[in-house]
Amino acid sequence: MAFTFAAFCYMLALLLTAALIFFAIWHIIAFDELKTDYKNPIDQCNTLNPLVLPEYLIHAFFCVMFLCAAEWLTLGLNMPLLAYHIWRYMSRPVMSGPGLYDPTTIMNADILAYCQKEGWCKLAFYLLAFFYYLYG
Amino acid sequence: MSAPAGSSHPAASARIPPKFGGAAVSGAAAPAGPGAGPAPHQQNGPAQNQMQVPSGYGLHHQNYIAPSGHYSQGPGKMTSLPLDTQCGDYYSALYTVPTQNVTPNTVNQQPGAQQLYSRGPPAPHIVGSTLGSFQGAASSASHLHTSASQPYSSFVNHYNSPAMYSASSSVASQGFPSTCGHYAMSTVSNAAYPSVSYPSLPAGDTYGQMFTSQNAPTVRPVKDNSFSGQNTAISHPSPLPPLPSQQHHQQQSLSGYSTLTWSSPGLPSTQDNLIRNHTGSLAVANNNPTITGVDSSSTTSSASPMPNSYDALEGGSYPDMLSSSASSPAPDPAPEPDPASAPAPASAPAPVVPQPSKMAKPFGYGYPTLQPGYQNATAPLISGVQPSNPVYSGFQQYPQYPGVNQLSSSIGGLSLQSSPQPESLRPVNLTQERNILPMTPVWAPVPNLNADLKKLNCSPDSFRCTLTNIPQTQALLNKAKLPLGLLLHPFRDLTQLPVITSNTIVRCRSCRTYINPFVSFIDQRRWKCNLCYRVNDVPEEFMYNPLTRSYGEPHKRPEVQNSTVEFIASSDYMLRPPQPAVYLFVLDVSHNAVEAGYLTILCQSLLENLDKLPGDSRTRIGFMTFDSTIHFYNLQEGLSQPQMLIVSDIDDVFLPTPDSLLVNLYESKELIKDLLNALPNMFTNTRETHSALGPALQAAFKLMSPTGGRVSVFQTQLPSLGAGLLQSREDPNQRSSTKVVQHLGPATDFYKKLALDCSGQQTAVDLFLLSSQYSDLASLACMSKYSAGCIYYYPSFHYTHNPSQAEKLQKDLKRYLTRKIGFEAVMRIRCTKGLSMHTFHGNFFVRSTDLLSLANINPDAGFAVQLSIEESLTDTSLVCFQTALLYTSSKGERRIRVHTLCLPVVSSLADVYAGVDVQAAICLLANMAVDRSVSSSLSDARDALVNAVVDSLSAYGSTVSNLQHSALMAPSSLKLFPLYVLALLKQKAFRTGTSTRLDDRVYAMCQIKSQPLVHLMKMIHPNLYRIDRLTDEGAVHVNDRIVPQPPLQKLSAEKLTREGAFLMDCGSVFYIWVGKGCDNNFIEDVLGYTNFASIPQKMTHLPELDTLSSERARSFITWLRDSRPLSPILHIVKDESPAKAEFFQHLIEDRTEAAFSYYEFLLHVQQQICK
């Protein structure tokens, strides 16, 4: 396979997905710390919130790359997550800064559980995507 | 556990009690037992009148002072009872107790031994208490009981219903026809009876009960030991039949009897039991006394039992109770559901007196003969576990008996299934039950624990659970479709509270639980944590009991005898030296504010209460005002007059002189007074209409952050400048929209962030919003919500145009400024392993899964917690919840207030339904609905509320197989559930279709979130009383005042007659509705006008007229008022005045244009279930 734009996209996506995997792991650890009382929710939100947008943007970025490379299948696989990200950010609580997490509601058991589950699902998705890009 | 040794086993107890009794009694009564010790003398000491009584009797007398006269009569009348047979069985003994009441004579006549028997359990205690308290002698005897007999005592308590007796006796004294008394009595005794033979009592039973009681005698032969308690109960009635007037006497003697211990001053403690044990209605009276005895003897007297409002009531310390804000007026009377006030005989000990007599009331209504019986029947119900079932309460306990031993209490819970169906499970056909609302206030159900635990359990005023029987698994909970959660009122004003100073606060080493009455002592040196089950060592210091000055009795320490205690914490509990009390007032002085004129009222109240602000010599105070600029006041000592410093740079606020803005209250008092006197007039000519609230708050935060404390913000309009400015979001045309209500959430997170910053610096922000237009409370409220502040809202406040609001502000301020306050507080809620906290409701910041950070805590703050069951609870029979509130008192002391609640675990769905606390459930649902309306939408929340009813009732329907499916059935414990939910749907917070201003709605939501249960219930479901015919029947005595106790009316226009006048108690507002045809005498005597036409449209006070009816009405209203922290305003509403819409909107059982009537709602629910 020649070195096409598509191949470049996959290589880039591979690297970026690796980064996203770290984001996801960080996310999971952070919520675990919250649950076990190691951290104050305010601090935790302050560290998590700045990371939300970069994550979403990175993902959106290589979605666009795949779009340009006309990799429809790959794009199709990523679309659900992209849509989810957009929805998630649209329905975020009223906040002045960037980010998703509100320290006053984050300790609610439902939200905490939801965020943890979200972290694991994303980790799984990114891992699968990583190998897909690697061999695709 | 603190429980005595295993001796308390039921089986064992059957035998043992008598012995104890014997031993104990022996002192008292010669015949009864062998070695008569020193006791005899002692007995005589206290109450010498009764002497003639048989020896067994003697025991009782000792304490019993009042009724003596009656006593002597008793014996003469009565023929001896066949009770003996029963004695063999311990249970029977317990049950017989009630009997005794009924047939006092018998008791008296019975030989000492018998008495012992029947009374087995109590006797020892009494003795013990007497001995101990009186003489301090007979140490050996007292020891015996203390350890062994405790459990018994509690038992007895439940069974005896002193209240009832006393009630009846009182009736007699009042001169009512003897028959009434008779009825009352019979009902009482029967209460137990019907349940036995007819587990499922027909709904209409009230009258039926009377009937049964009379018949009872016939039944009597039934006694048999196997049935034990129940039978005994049956037998009780027997004595009743003939005696007319004399019965009263007997009863009196009974009451006297039961009261034995009453004479012992310790009473307050008793009430707890009253309350707790729902049985109260049935059994209360006797119990208390016994308990008291126990307390005094076994626990040290200084370990004052937790003060319940109730306690105070019963204890006769009425005034106290009143003063305690927490006590709800309505409930107070309830403890003695029974009729005539316990005080019965004039000679009765003081404590008893206050009890209101419900039974008498009916007379006023003109059904003298019938009603009394009726009343009795109902009254017990209410007080009973479930609103409607007295019987149940009796019943519930049966199962427990087996579990005398605390450790085996689990059995009790489990065995519930096998016992006949408890009353709270009696199916009620909602659509056919016309008068679903009981006539007296609804009581919290008592957890189905063994008596000893019940006695120790936390007062339902401070700590309640929506399900008093905790389901074993989450699956079971899901099946029941009921919310599981706790309702807390942790910092309630308490009249008595054991305060413990010790070097080491004993806590579990792994989960940090504070030692509490529900731990178990494995041996003298080790205790097992009841939350995590770890075994801990008992520290050396804990072995010594400072109260009794005895060594080696760790289970008698006050920590282990009281479920509510306060520790003085050591420096381990401080992150920094305790902060001083610091108060900062941030006042809006824009044109709008000056126009409204609140400054005058505020400054006036402050001047009056300056010396009463809680604090010590370090107390600091400061003032800021703001319009478009921010003004600081330099009050530094030494200045000749206050110095005003203006900061106009609102984009970057700074403190002009950081040191002298918050000054010591005592050093600068003169300057402060000067300022307060000048303030109202300083801005009279201001033209500034802008309000820079955000920057002012930022400045306040800067000012407070070094110390922490309380910031009180007074705001009168939308903030329009600087950070945190808000736009009007309300569209007046949408106010009555049935579709979407928007803008329930904040528009900006500025206030939330500010609150979190404040919370981090231990500063709470309290908001007083006095606004005539929309001020976006939804956004502003965030400043208080997350900093643990409180919110007050005075819509359309104006000091002259709206005098009732002005008066309310004045009274609220008085309370606000002088009430207790705790600083830099945290509250942790722990629960038994397997349960976990799910969501918290209230004003605070959740810092971790079980830790709430409360910059300030005030006595009017309530909290709710949703729970989930994470692991199955199969290996435990009890679960416990503990809240620990660590705070700095206004005197700079670090203190920890600990409440512990213990509840049984059940495995069957029926038991879960039997234990529903419908009021708690409703309050929790209301909290959840508020969250839902903010996070999702109002209509979602409304649907969820309706679904809560539909789901729970249909879940119940499917568990009960033999129901007609066409009918809408509910267990008796849930029968008020649909009514309350309907009330919630019509509440300002959740209603649709009726014009509701957004701020009003949001304020109602804030209140739901932050009010404690007692106040919230009044807001959700107001109490309606008819007040144009108040009588003294059943009145309560408070501070030498007689407070009538009219029955509750259902909230329906059908109850409003044109000839009457009605008082509606909505918590924060009172309405008096005067019917068109209202008796002119009432209008003249109470309202002070000659006739209906001359009553003005706006009337907010009752004149102080020197007539009997005026006095009654006023004392009733004052009594209601005294029981709550925020003084309600009174509106007198004429029929046909425009204001009556306000009144009628609270009649929630009626149909409105936009909402169902109660009946329609039931049909709707039924329809949904059938779907």
Side-chain angles (χ1 to χ4, degrees), chain A residues 26-56 83-121, chain B residues 485 512 694 723-724 726 729 743-761 776 778-779 781-783 785-788 826 828 835-853 865-870 927-928 931-932 934-936:
Chain A
W26 174 251
H27 179 99
I28 291 170
I29 293 175
F31 278 94
D32 198 62
E33 280 179 337
L34 263 188
K35 201 166 192 182
T36 48
D37 295 359
Y38 285 127
K39 279 225 168 173
N40 182 321
I42 300 181
D43 299 340
Q44 203 62 285
C45 288
N46 287 343
T47 57
L48 280 174
N49 276 331
L51 295 181
V52 173
L53 267 191
E55 181 195 337
Y56 289 8
Y84 171 77
H85 280 164
I86 293 171
W87 169 82
R88 185 95 161 88
Y89 209 75
M90 299 290 280
S91 60
R92 71 183 193 135
V94 178
M95 293 178 67
S96 49
L100 281 178
Y101 307 109
D102 175 357
T104 58
T105 54
I106 200 161
M107 292 309 297
N108 180 307
D110 283 335
I111 295 181
L112 207 56
Y114 176 84
C115 290
Q116 269 187 313
K117 214 179 290 168
E118 185 193 34
W120 285 108
C121 292
Chain B
R512 308 300 292 151
L726 298 168
R729 297 188 291 167
H743 308 308
L744 291 172
T748 160
D749 69 340
F750 172 84
Y751 296 98
K752 186 196 298 181
K753 280 171 140 180
L754 187 104
L756 292 182
D757 291 343
C758 286
S759 175
Q761 300 299 329
D776 203 352
S779 304
C782 289
M783 74 171 90
K785 261 187 206 165
Y786 302 111
S787 66
V826 289
R828 197 183 284 277
L835 292 170
S836 73
M837 308 289 150
H838 187 275
T839 306
F840 297 92
H841 302 276
N843 290 352
F844 48 68
F845 172 61
V846 190
R847 216 158 63 191
S848 77
T849 42
D850 59 353
L851 183 69
L852 307 181
S853 135
V865 186
Q866 278 169 257
L867 297 172
S868 57
I869 303 171
E870 302 223 309
N927 275 297
M928 293 161 70
D931 273 2
R932 179 70 76 89
V934 176
S935 66
S936 174

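All values reported here derive from a predicted model rather than from experimental measurement.
Your options are A/Asp110, A/Leu34, A/Asn40, A/Ile106, and the one with the most heavy-atom pairs under 4.5 Å with chain B is A/Asp110. Most heavy-atom pairs under 4.5 Å with chain A: of the set B/Phe845, B/Phe840, B/Phe844, B/Phe750, this distinction falls to B/Phe845.
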| Passes side-chain contact (heavy atoms from CB on, under 4.5 Å), A/Met107 versus B/Arg847? Steps please. | CA-CA 8 Å; A/Met107 292 309 297; B/Arg847 216 158 63 191; over 6 Å; no
| field | Candidate pair A/Tyr89 and A/His85, rule ring-ring contact (aromatic ring centres under 6.0 Å, His included), full reasoning | value | CA-CA 6 Å; A/Tyr89 209 75; A/His85 280 164; 9.7 Å; no
| request: Using the side-chain contact (heavy atoms from CB on, under 4.5 Å) rule, take B/His841 and B/Met928 through it: C-alpha gap first, then chi angles, then the decisive distance, then the call. | output: CA-CA 8 Å; B/His841 302 276; B/Met928 293 161 70; 4.0 Å; yes
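The two residues B/Ser759 and B/Ser787 have their closest heavy-atom pair at CB-CA, 4.2 Å.
B/Lys753 touches chain A through its side chain: at least one heavy atom from C-beta onward sits under 4.5 Å away, while N, CA, C and O do not. For A/Pro103, the parts lying under 4.5 angstrom from a heavy atom of chain B are both the backbone and the side chain. Neither the backbone nor the side chain of B/Ala755 has a heavy atom closer than 4.5 Å to any heavy atom of chain A. In this structure, chain A has a heavy atom under 4.5 Å from the backbone of B/Thr748, while its side chain stays farther away. Interface remark: A/Asp102 contributes side-chain atoms only to the contact with chain B (heavy atom separation under 4.5 Å).
With hydrogens and angles left out, the side-chain atoms of A/Thr47 and A/Gln44 include a donor and acceptor closer than 3.5 Å.
The backbone N or O of B/Gln866 sits nowhere less than 3.5 Å from a side-chain atom of B/Thr839 that would complete a donor-acceptor pair.
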